[in-house]
Amino acid sequence: MSAHPSARPLESELAEAVQLVRAGGVVAFPTETVYGLGADATNPRAVARIFEIKARPRFDPLIVHVESAAAAQAIASDCPVEASRLAERFWPGPLTLVLPRRAETIPDIVTAGLTTVAVRVPDHPVAIELIRRAGVPIAAPSANRFGSVSPTTAAHVRESLGAAVDLVLDGGPCRAGIESTIIALGPEGSTLLRPGAIGIEEIESIIGEVGRPQRRLAPGAPAAAPGMLERHYATATPLYFSGDAPRWLDRGRCGRLSLTAPADAKEYRAIEILSASGDLREAAAGLFASMRRLDALGLDAIIADRFPDRGLGLAINDRLDRAAVPKC
Ligand code: TXA
Ligand code: MG
């Protein structure tokens, strides 16, 4: 299971992954966003293992990955017209649609008993081949322990989940590097449940204004998408936005996570520049790997820029917000 220069797993590994999925196993696989931890979505016992491996609460539903919009229609029902417009424009791609669920196809454990189901068609040849050859939809959350930083390489998956997974398919680093944008579509309209790899502006250019749920949920309130839980995507090292970092922190023992080269770079022990040219797409692609590198240095704190709240900046800020130490 080495990294292949072609960024494609060997045929024998892919064939093994297909057999494992068919037999109820759990396989990590690359997508264009982050690595997923996949199992046959129609097999409740296989899906239960995903929750165990991730230590994920059972109330947090999974995304079902399918090979085409037609396959999505087999598990969702009464899709509003916006769903077909978005599917046509963005699938395969980093968009997840939360739609009314057809009860008979996907078991309750996948949707946490909700009347909706989250579906997406990933834009990655390995993911698509796995789904197609296994012949079943694949339920997959990100392949990391619940609440921690998402994996964008096969090595990240092995570091965090290791031997618990039956097989890790190595497809090289994920292109987008940040999770899919999640949009709920129902009779009450459209809602952005998670900003992600497709900017909300692009989505609104297709279906008009999309509702935004409250950014911060009241303590104890149920999350519309549990990825909206306040603490998520977290590094073990405390992370602060630069404006909120305590003055007493010794910058010489801190790391800096910055879009472009910061003026105060010299003060820090380590620095990660996400895009020298200030490109948000490049920044999103490297975000989680940079967070992991800084997290591995035993620093007192990570001090992060706040990004512009547009395009992929919205998704980056969302992840950093949830990783950050809550403000008192
Ligand atoms: O890019 C991605 O979306 C990656 C790759 C592997 O596809 N997957 C991913 O899955 O990020 P996960 O489980 O880490 O995040 C999925 C989010 C969770 O916050 C979950 O609560 C939400 O989707 N979700 C799933 N089904 C839902 C539903 N029926 N209603 C509302 N939220 C749902
Ligand atoms: Mg996740």
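Atoms within each ligand, like the ligands themselves, are counted from 1 in listed order.
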Where the closest heavy atom to [atom] is concerned, which of [options] has it?
| atom | options | value |
| --- | --- | --- |
| atom 20 (C) of ligand 1 | Ile178, Asp60, Ile50 | Asp60 |
| atom 22 (C) of ligand 1 | Leu193, Val110, Ile182 | Ile182 |
| atom 9 (C) of ligand 1 | Ala184, Ala28, Ser142 | Ser142 |

Is a side-chain donor-acceptor pair under 3.5 Å present for [Y] with [X]?
| X | Y | answer |
| --- | --- | --- |
| Thr111 | Arg101 | yes |
| Glu179 | Ser142 | no |
| Thr237 | Asp295 | yes |

| Would one find an N, O or S atom of Ser142, in either backbone or side chain, under 2.8 Å from the Mg ion (ligand 2)? |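 Short answer: yes, at least one N, O or S atom is under the cut-off.
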
Under 4.0 Å from a heavy atom of [X]: which atoms of ligand 1 are those, numbered in the order shown and with their elements?
| X | result |
| --- | --- |
| Ser180 | 1 (O), 2 (C), 3 (O) |
| His65 | 5 (C), 6 (C), 7 (O) |
| Ala118 | 25 (C), 26 (N), 27 (C) |
| Thr116 | 28 (C), 29 (N), 30 (N) |
| Glu179 | 1 (O), 2 (C), 11 (O) |
| Leu114 | 28 (C), 29 (N), 30 (N) |

Applying a 4.0 Å heavy-atom criterion (strictly less than), which segment of [X] is in contact with ligand 1: side chain, backbone, both, or neither?
| X | answer |
| --- | --- |
| His124 | neither |
| Thr33 | side chain |
| Arg101 | neither |

| Taking atom OG of Ser150 and atom OH of Tyr233, what is their separation to the nearest 0.5 Å? |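 So the gap between those two atoms works out to 6.0 Å.
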
Find out whether [X] and [Y] are in side-chain contact, i.e. whether some heavy atom of one side chain is under 4.5 Å from a heavy atom of the other.
| X | Y | value |
| --- | --- | --- |
| Pro92 | Glu32 | no |
| Ile75 | Val64 | yes |
| Ile303 | Arg251 | yes |
| Leu37 | Phe29 | no |
| Asn144 | His156 | no |

So is there a nitrogen or oxygen of [X] less than 3.5 Å from a nitrogen or oxygen in ligand 1?
| X | value |
| --- | --- |
| Arg194 | yes |
| Tyr35 | no |
| Lys54 | no |

| query | Checking Arg281 side chain against Ala176 main chain: does a donor-acceptor pair fall under 3.5 Å? | reply |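 Side chain of Arg281 to backbone of Ala176, a donor-acceptor pair under 3.5 Å: no, none is there.
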
| said: If we only consider heavy atoms of Val98, is any one of them less than 4.0 Å away from an atom in ligand 1? | reply: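 Flag set, Val98 near ligand 1.
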
| task | Sort out for me which residue in Thr33, Thr96, Asp123 forms a side chain to side chain donor-acceptor pair (under 3.5 Å) with Ser180. | result |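 Filter result, single survivor: Thr96.
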
